[in-house]
Amino acid sequence: MDDNASLENSIRRASEEMIAEIREKEARELRRLEEDYAAEVERFRKKTQDETQARLDQELSRMENRAVLERKKIKLAALERFISRRVEDVMKGIRSHPRYRQFLVDAAAGAAADIPENVEVRIAPDDGVFGNDIDEALRSAGGDRQIRIEADASIGWGGCLVVDADGGRIFNCTLERIYFRKALQIRRKVLQMLQDKAGAVEGKESVTR
């Protein structure tokens, strides 16, 4: 009887030890799986975070570049408007110059010299006061031809259009045409003046600091 009890106790202990060992193995495997899962989650989180940050940095860089470009465009547009206003003021003010009358007469006479027959001179409405001077200059050149002086509202700044009434040619002696030929050079000069002025102001500010 004692031997049977001893055998049963021995089997029971062996079974309990086996069960405990199996449970321990299961616990270790679960811990390993949990650690692997946690590591995988962390890797995924880190990868997602890095990719998100990279996309964010890229978008921020694009936004900054667009902002810089827009600022440059706005600055250039403002500068262009400023130059256009200054140029228009200067060109319109040429009429008040003492030499403008002679310029207008010489321009009309010079173009008319290449026209053998009838001549039409178109001038800005505000230049009508110079009509007699132009007519006199053309008639003094000689020849028997018809001369007409007409107001033309399309001439905004000054100068004249001289039309070969028979040949159909038009000689453009307007200030607009003169400016058009020199526009790039004038703009470069104005920009250079503005840059020089800006540099002088910066230099003065640095000295006062």
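- Judged by distance alone, the side chain of D164 and the main-chain N or O of I115 form no donor-acceptor pair under 3.5 Å.
- For R99, the CZ atom is loosely surrounded, since the number of other residues' heavy atoms within 6.0 Å does not exceed 12.
- A cation-pi arrangement is present between R86 and F82 under the rule of less than 6.0 angstrom and at most 45 degrees off the ring axis.
- Note that NZ of K182 and CG of L175 are 14.0 Å apart. Values are rounded to the nearest 0.5 Å.
- Summarising the local packing, CG of N132 is surrounded by 12 or fewer heavy atoms from other residues, nucleotides or ligands at distances under 6.0 Å.
- For R23, the CZ atom counts as loosely surrounded, since its 6.0 Å shell holds 12 or fewer non-hydrogen atoms of other residues, nucleotides or ligands.
- Between the CZ atom in R145 and the CG atom in L138 there is a gap of 5.5 Å [rounded to 0.5 Å].
- R45 and Q49 are linked by a side-chain donor-acceptor pair at a separation below 3.5 angstrom, with hydrogens and angles left out of the test.
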Report task. May I have the step-by-step check of side chain to side chain contact (heavy atoms under 4.5 Å, CB included) for R43 and K47, ending in yes or no? Result -> CA-CA 6 Å; R43 282 194 297 271; K47 179 181 178 182; over 6 Å; no

Query raised in the report: Please walk me through it: do E29 and L33 pass side chain to side chain contact (heavy atoms under 4.5 Å, CB included)?
Result: CA-CA 6 Å; E29 183 64 18; L33 291 173; 4.0 Å; yes

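- The one candidate from D152, V162, D127 that meets the side chain to side chain contact (heavy atoms under 4.5 Å, CB included) condition with R122 is D152.
- Summarising the geometry, atom CD belonging to E136 is positioned 11.0 Å from atom CD1 belonging to I147; distances are rounded to the nearest 0.5 Å.
- Looking at residues two or more places apart in sequence or on another chain, you find a salt bridge (charged side-chain N to carboxylate O under 4.0 Å, His left out) between R31 and E24.
- For the atom pair L104 CG and I123 CD1, the distance stands at 6.5 Å (nearest 0.5 Å).
- Remark: W157 CH2 to R95 CZ distance equals 11.0 Å, nearest 0.5 Å.
- The number of heavy-atom neighbours closer than 6.0 Å to CD of E176, taken from other residues, nucleotides and ligands shown, is above 12.
- Other residues, nucleotides and ligands contribute only 12 or fewer heavy atoms inside 6.0 Å of the CZ atom of R188.
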